[in-house]
Number of protein chains: 2
Amino acid sequence: MIRVLIADDQAMIRSGLRLILEDEPDITVIAEAADGVEAIEQARRLRPDVCLVDIRMPRADGLEVTRALAGPAVPDPLRVVVVTTFDLDEYVYGALRGGATGFLLKDAGPALLVEAVRAAHHGDALVSPSVTVRLLRHLTAPPREPDESVRALSDREVEVVREIARGRTNLEIGAELFISLSTVKSHVSTIQTKLTLRNRTEIAVWAWANRVV
Amino acid sequence: MIRVLIADDQAMIRSGLRLILEDEPDITVIAEAADGVEAIEQARRLRPDVCLVDIRMPRADGLEVTRALAGPAVPDPLRVVVVTTFDLDEYVYGALRGGATGFLLKDAGPALLVEAVRAAHHGDALVSPSVTVRLLRHLTAPPREPDESVRALSDREVEVVREIARGRTNLEIGAELFISLSTVKSHVSTIQTKLTLRNRTEIAVWAWANRVV
DNA sequence: TCTGCATGGCGGCCAATCGTGCCGACGGCG
DNA sequence: CGCCGTCGGCACGATTGGCCGCCATGCAGA
């Protein structure tokens, strides 16, 4: 049986969530909290398997509650699923960085709510599809095309950039690529003019900022 | 009505998926494919709202199918939900980079399957909770604690590191922090000895690699 | 075919910057 | 009191960056 704590300042929402969850044979709601501080106290006392936490709450908002119950510094963290009406990016990242094991929008539908609770109980994380799609863009968009400027570089120059971005000196790069010191230097020079960078550190920074690494 | 194409080489799985989906009033399965090439052809011809694609298939695997139907180069991409038994990282990243609008493990349960199809139809993405939890680790793990070595640095030294990581020269750093060139240089030296790095580029690399930036 | 042009490799020269060592000074803290 | 961090100075050599050349290759267009 999965023991759930519900934290939301609106009684209507609380009973709605409770109705949905109590309908499932493997889930039981053991407590409700109407604000953040209460949520933290109840959770610490009862240690539910899963905490369903709204973002907007008095006294302590959902992000604070999440950090208090599941943050990186907490000795043995609880499973927290954050629920909200607003899918603002700050909320999402705040919640997930704060240790949340799930992020649900209130328009997600009962099935996802139930699945999110079950997943959280397993230690897995269910994130609302509309939020996930944005997270994925951040995660996979990096295949951004060469940024226009990488195209300006020849293959060999890109190799040199990569070496610089690993902290190699010109001499080491020469040894690595089997070319002489002077060749390396001329490559570095052309790289600098092509990218309008002033020194090798800027090249390294550029490489890291543009995922060339 | 959401029109779905099912692609899986095992007939048993196909009919299982079909049974689950046909149970929903808003979903209909319009075609099945037993291998990757067939899946691509059918999808291009019928243009279903959502394609449910297994990873392991003959002739063309699920990743190739995904890229062919939803890849970045495809003019108007279809919605593809990748289904697999194995949650290998290569599969996950391959699928999501390939343009998948969902990633499901076969042990996910019917509810998630249905929700994944609905989400995909909306243009959203549902990812299996057990996979999501790993993705989030990659996304939010960066809160790795100071790596032991940052602690070794004084506040002032960290400032200098940050400036170096932006490509600034010592003189510029001095102007930025209102200290003299020689002070900057002594800071840089101590930073190098503390972190056992050999030059400023390595400091910049270290900063980026350790999210100090 | 000859002629550009880009790429890659090599060298020298010189000035600026960087890296290092070694020095002294001050203030806060155990 | 000594230690440590912060700040500053000076000198030296190493490294880098800018600016010249030179040569070979390969590819596209006149």
Side-chain angles (χ1 to χ4, degrees), chain A residues 144-213, chain B residues 144-213:
Chain A
R144 75 222 274 183
E145 76 298 331
D147 201 36
E148 358 218 329
S149 26
V150 196
R151 261 194 299 280
L153 299 182
S154 68
D155 294 345
R156 201 54 160 168
E157 285 158 357
V158 172
E159 290 186 76
V160 174
V161 167
R162 257 190 274 269
E163 292 299 320
I164 291 176
R166 295 175 55 195
R168 300 271 190 269
T169 70
N170 286 341
L171 204 63
E172 289 170 329
I173 296 175
E176 202 81 30
L177 303 182
F178 301 107
I179 56 183
S180 89
L181 173 63
S182 31
T183 306
V184 178
K185 288 174 65 173
S186 63
H187 281 313
V188 174
S189 285
T190 57
I191 292 169
Q192 286 180 137
T193 54
K194 280 185 179 178
L195 303 180
T196 58
L197 301 174
R198 295 173 305 158
N199 53 51
R200 61 174 36 239
T201 310
E202 284 199 341
I203 297 179
V205 172
W206 177 91
W208 281 86
N210 294 63
R211 316 278 190 295
V212 182
V213 195
Chain B
R144 71 222 274 184
E145 77 298 329
D147 203 32
E148 0 221 328
S149 23
V150 196
R151 261 194 297 281
L153 298 182
S154 69
D155 293 345
R156 201 55 160 165
E157 285 158 357
V158 173
E159 290 186 78
V160 174
V161 167
R162 258 191 273 270
E163 292 299 320
I164 291 176
R166 295 175 55 194
R168 300 269 188 271
T169 69
N170 286 341
L171 202 61
E172 289 170 330
I173 296 175
E176 202 82 30
L177 302 183
F178 302 106
I179 55 182
S180 88
L181 173 63
S182 29
T183 307
V184 178
K185 288 174 67 173
S186 64
H187 282 314
V188 174
S189 284
T190 56
I191 292 168
Q192 286 179 137
T193 53
K194 281 185 179 178
L195 302 180
T196 57
L197 302 173
R198 295 171 305 158
N199 52 51
R200 61 173 37 235
T201 310
E202 285 198 342
I203 297 180
V205 172
W206 177 90
W208 281 85
N210 295 62
R211 316 283 189 290
V212 182
V213 194

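Below, each value reflects all heavy atoms present in this structure, side chains not excepted, and no hydrogens, waters or symmetry copies. Every chain is numbered from 1 and lettered A, B, ... according to where its sequence line falls, protein lines coming before strand lines.
Glu159(B) and Arg156(B) are joined by a salt bridge, as a carboxylate oxygen and a charged side-chain nitrogen come within less than 4.0 angstrom of each other.
Considering Ile203(B), Leu197(B), Asn210(B) as possible partners of Val161(B), the one that fulfils the side chain to side chain contact (heavy atoms under 4.5 Å, CB included) test is Ile203(B).
With Thr196(B) contributing its side chain and Thr193(B) its backbone, the two residues share no donor-acceptor pair below 3.5 Å. Of the possible polar contacts, one joining the Glu202(A) side chain to the Arg198(A) backbone as a donor-acceptor pair under 3.5 Å is found. With Trp208(B) contributing its side chain and Val205(A) its backbone, the two residues share no donor-acceptor pair below 3.5 Å. No donor-acceptor distance shorter than 3.5 angstrom exists from the side chain of Arg168(A) to the backbone of Arg162(A), with no hydrogens or angles considered.
In terms of phosphate contacts, Asn170(A) brings a side-chain nitrogen or oxygen within less than 4.0 Å of OP1 or OP2 of dT16(D).
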Might you list the N or O atoms of the protein lying below 3.5 Å from N or O atoms in nucleotides 4-11 of chain D, with each pair's distance?
from: dT6(D); atom 1: OP1; to: Ser154(B); atom 2: OG; distance (Å): 3.1
from: dT6(D); atom 1: OP2; to: Ser154(B); atom 2: OG; distance (Å): 2.1
from: dC7(D); atom 1: OP1; to: Arg156(B); atom 2: NE; distance (Å): 3.3
from: dC7(D); atom 1: OP1; to: Arg156(B); atom 2: NH2; distance (Å): 3.4
from: dC7(D); atom 1: OP2; to: Arg156(B); atom 2: NE; distance (Å): 3.1
from: dC7(D); atom 1: OP2; to: His187(B); atom 2: NE2; distance (Å): 2.9
from: dG8(D); atom 1: OP2; to: Ser180(B); atom 2: N; distance (Å): 2.9
from: dG8(D); atom 1: OP2; to: Thr183(B); atom 2: OG1; distance (Å): 2.8
from: dG8(D); atom 1: O5'; to: Thr183(B); atom 2: OG1; distance (Å): 3.3
from: dG9(D); atom 1: OP2; to: Ser180(B); atom 2: OG; distance (Å): 3.4
from: dG9(D); atom 1: OP2; to: Ser182(B); atom 2: OG; distance (Å): 3.4

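When the local axes at the two ends of the helix from dT1(C)-dA30(D) to dG30(C)-dC1(D) are compared, using 5 base pairs at each end, they differ in direction by 40° after rounding to 10°.
Regarding Ile164(B), its CD1 atom lies at a distance of 11 Å from the C1' atom of dC18(C), rounded to whole Å. Rounded to an integer number of Å, the gap from Asn199(B) CG to dT20(C) C1' is 13 Å. In this structure, Arg200(A) atom CZ and dG19(C) atom C1' are separated by 14 Å, rounded to whole Å. Distance, Leu171(B) CG to dG19(C) P: 14 Å, rounded to whole Å. The interatomic distance linking Leu195(B) (CG) with dG19(C) (C1') rounds to 15 Å, in whole Å. Note: CD (Glu172(B)) to P (dA16(C)) measures 16 Å, nearest angstrom.
Within 4.0 Å (heavy atoms only), Thr193(A) reaches no atom of the nucleic acid at all.
Nearest heavy-atom pair, Arg200(B) versus Gln192(B), reported as atom, atom and distance to 0.1 Å: N-OE1, 4.0 Å. Closest of all the heavy-atom pairs between Val188(A) and Val160(A) is CG2-CG1, 4.0 Å. Nearest heavy-atom pair, Leu195(B) versus Leu153(B), reported as atom, atom and distance to 0.1 Å: CD1-CD1, 4.1 Å.
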